[in-house]
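Counting convention: from 1, in listed order, for ligands and their atoms alike. We count residues from 1, following the sequence as given. Values reported hereafter were calculated over all heavy atoms of this structure, with side chains retained and with hydrogens, waters and symmetry mates removed.
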Amino acid sequence: MKGVGPQRADLLKKELNIFTFGDLLNHFPYRHVDKTKVNLIEEITSATDYIQVAGILSVIELVGHKHSKRLVGQLADKSGFLELVWFEGVSWLQKNLRQGEAYLVYGKVSFFQGHPQIVHPEMELLTEETIEGKNYLEPVYPSTEKLKAKGLGGRPIGKLTKLLFTLLREKDVPENMPSTILKQLKLLPRFEAYRQIHFPESLENYEQAIRRLKFEEFFLSQLRLGLLRQKRHRFSKGIVFDKVGELFNNFYGNYLPFELTGAQKRVIKEIRTDTARGHQMNRLLQGDVGSGKTIVALLTMLLAIDNGYQACMMAPTEILAQQHYNSILELLKDMPVSIRLLTGSTKAAQRKEIIEMLADETLKILVGTHAIIEEAVQFRNLGLAIVDEQHRFGVAQRAKLWEKAEIPPHILVMTATPIPRTLAMTAYGDLDYSIMDEMPPGRQLITTVHRYENKRSQVMDFVKAEIAKGRQAYIIFPLIEESSKLDYENLMKGYENVKAYFPEPRYWISMVHGRQKAEQKRINMHRFVTGDTQIMVSTTVVEVGVNVPNATVMVVESAERFGLSQLHQLRGRVGRGQEKSYCILLSANDVGNDARERMSVMTSTNDGFLIAEKDLDLRGPGDIEGTRQSGELNFKLASIVKDRPILETAKNIAMKILDEDPDLGSAENLLLKNFLMRQKNGTVWSRIS
Ligand code: ADP
Ligand code: MG
């Protein structure tokens with residue numbers, strides 16, 4: 001490209017990742033400077049921001065001394081005078097600006113001692129051509145200091161894009177959308193959208209261009225994810241669970257400790273249908289804390305065993321794995337099913353035994369941590385892998401489970417971090433998706449309050465009163481991410497403080513934190529679970545899954561430091577028994593607006609999905625815990641927070657198209673198909689230099 005030599009080309013690559021014309025085309029301006037009008041100087045008011053005026057440069061002179069030296073000019077049009085000031089590049093300007101000539105001047109108006117002026121205005125000699133050429137919305141692009149130094153700042157980059165559009169033809173940026181969609185949604189054609197986003201003829205056109213390109217981003221991503229899911233549905237080989245057998249029926253008929261909720265029944269049905277089709281199930285099960293996912297997992301495992309397969313269940317921490325193991329053991333105590341626990345601290349002899357039992361299939365259910373996916377652990381006949389609290393495991397780790405069987409096992413990923421629907425369909429559009437949006441009956445609402453530090457002693461008195469009634473309490477301290485040493489010190493200080501309120505031997509306290517050995521953690525946890533200690537002081541390790549029904553108070557220390565979903569998870573530790581439960585958010589006396597907003601969300605609702613929505617609004621998708629990191633959520637223009645309606649539309653249309661024409665074989669969808677194929681093979685654009 002003319003104007004781009006090796007040096008600039010190199011910088012464009014390094015600084016902005018612009019290698020090709022295509023990259024440049026997709027480097028969008030972040031704003032436009034309105035040069036559609038030439039104003040009169042007398043129109044300037046205190047409300048004027050940027051302005052473009054034209055007039056004669058009637059005075060230009062150097063004023064001030066050494067440090068306050070500056071170039072001052074005066075621009076005159078028929079309505080008045082405007083002062084122009086430069087502090088830098090003064091000598092060059094002095095040589096090049098010509099007194100008495102007419103200039104087109106653009107810049108930000110400021111007031112100095114009551115008079116309007118423009119500091120460092122852009123100056124251009126006024127000719128017929130200037131007026132003509134400048135009469136538009138000028139794009140301003142993201143740029144960097146280094147590029148700026150080479151003459152490619154935010155606005156000069158526009159010279160390149162301008163040139164680019166003189167070279168491009170419509171066939172270079174071909175339409176990829178079926179014409180019915182364009183018509184239905186009144187979208188600009190693709191080439192036109194690109195032109196208007198760089199060089200809009202009006203603000204209205206600019207907005208239309210943005211709308212079209214955002215839609216395209218969402219639509220193509222939804223289509224891609226949908227195609228992936230569909231491919232799995234149609235072509236993956238999967239184990240067939242075609243019968244509901246002895247174990248399932250026996251358990252369901254005789255040992256189910258409660259009536260299943262409607263949501264639980266629905267999800268089990270979805271899983272049964274899915275696992276009977278002969279294709280691999282890859283399902284995400286979302287259910288708020290306490291919605292009863294464990295029983296769903298258990299029934300699914302029984303289904304696998306009834307069909308002649310082994311099952312495993314993986315949890316992110318030892319504590320959780322242990323708890324799952326205990327509750328499954330308890331639920332199946334009268335059933336002829338072998339269950340074992342495998343974690344990092346399983347003794348070698350036991351581990352050896354487990355591996356042998358897996359190999360000869362005397363072991364049917366293995367519960368554990370990461371230890372399950374180690375190379376040495378081989379199943380004879382793995383048919384189902386359940387992953388609890390998914391966000392602690394990466395996609396790559398999940399894939400390791402697949403490799404444990406010739407035909408990949410069915411996968412059920414369970415998560416208690418509610419993810420807003422919009423986010424879920426964007427991030428997990430390639431998975432099937434079940435949701436448990438109903439709580440088991442009789443669950444009490446947890447009363448949540450926000451208290452400032454100066455009310456600490458009242459809060460502790462309240463905890464004492466609950467303990468006097470025979471209940472237990474959690475007191476949770478935040479993780480200060482940068483430093484585990486600080487965490488530890490913070491926790492220890494907190495512990496001493498708690499101890500001062502709750503002295504032995506009247507009170508006993510368990511403490512669990514990340515620096516403890518697994519065994520020590522287990523013992524401390526166990527003492528709390530059995531009621532040996534009344535108070536659990538901990539960092540967020542208890543966040544997920546821990547079940548102590550007698551605990552009725554959750555005190556969150558420095559609550560302002562926690563994110564919404566984390567607070568919600570913590571709150572889920574109480575309210576698990578018959579008794580009325582409380583969550584007390586204890587914060588510094590002085591907290592910021594965002595933190596106050598989070599507290600007020602927490603005190604006003606118990607609904608995890610609502611909280612997740614709020615979290616998305618407050619923090620944006622990047623920070624949401626439990627979502628994929630790999631870029632599914634990063635769009636160039638579109639935002640899954642702000643552009644949710646567009647996302648919904650894009651998703652619905654993409655699904656409809658895939659329903660009606662799964663191979664995109666129709667003439668109507670040919671453009672789309674070709675486009676997706678080309679993208680897969682990588683478009684070859686000419687190099688920029
Ligand atoms: P989570 O979804 O958080 O893993 P759990 O499976 O641990 O939830 O269930 C939470 C509690 O609710 C457990 O004590 C469990 O026994 C109970 N529970 C689950 N389903 C039902 C139900 N349908 N009716 C009554 N209690 C239930
Ligand atoms: Mg659970």
Neighbour count >12 (heavy atoms, 6.0 Å) for atom NZ, Lys237: no

So does Glu353 pair up with Lys347, basic N to acidic O under 4.0 Å? no

Quick note on ligand 1: atoms under 4.0 Å from a heavy atom of Asp288 include exactly 2 (O)

Taking NZ, NE, NH1 and NH2 as the nitrogens, is one of them in Lys517 or Glu318 under 4.0 Å from a carboxylate oxygen of the other? no

Taking N or O atoms only and a 3.5 Å limit, does Gly290 qualify as a polar contact for ligand 1? yes

Considering only NZ, NE, NH1 and NH2 on the basic side and carboxylate oxygens on the acidic side, decide whether Lys469 and Glu579 come within less than 4.0 Å. no

Give the intermediate values and the outcome of ring-ring contact (aromatic ring centres under 6.0 Å, His included) for residues Phe528 and Tyr474. CA-CA 10 Å; Phe528 187 66; Tyr474 293 97; 5.1 Å; yes

Side chain, backbone, both or neither: Leu260 near ligand 1, heavy atoms under 4.0 Å: backbone

With Asp274, the side chain to side chain donor-acceptor pair (under 3.5 Å) member among His279, Lys269, Gln280, Arg283: Arg283

If the cut-off is 4.0 Å to any non-hydrogen atom of Thr261, which atoms of ligand 1 fall inside it? 23 (N)

Run the contact test for Gly287 against ligand 1 with a 4.0 Å cut-off on heavy atoms, strictly below, and give the result. no

Judged by non-hydrogen atoms, does Asp388 sit under 4.0 Å from ligand 1? no

Atoms of ligand 1 close to Ser291 [distance to a heavy atom under 4.0 angstrom, numbered from 1]: 2 (O), 8 (O)

Mind telling me whether Tyr452 and His450 have parallel, tilted or perpendicular rings, with 30° and 60° as the class edges? tilted

Close-contact set for ligand 1 against Thr294 heavy atoms, below 4.0 Å: 4 (O), 5 (P), 6 (O), 7 (O)

Where on Glu259 is there a heavy atom closer than 4.0 Å to ligand 1, on the side chain, on the backbone, on both, or on neither? backbone

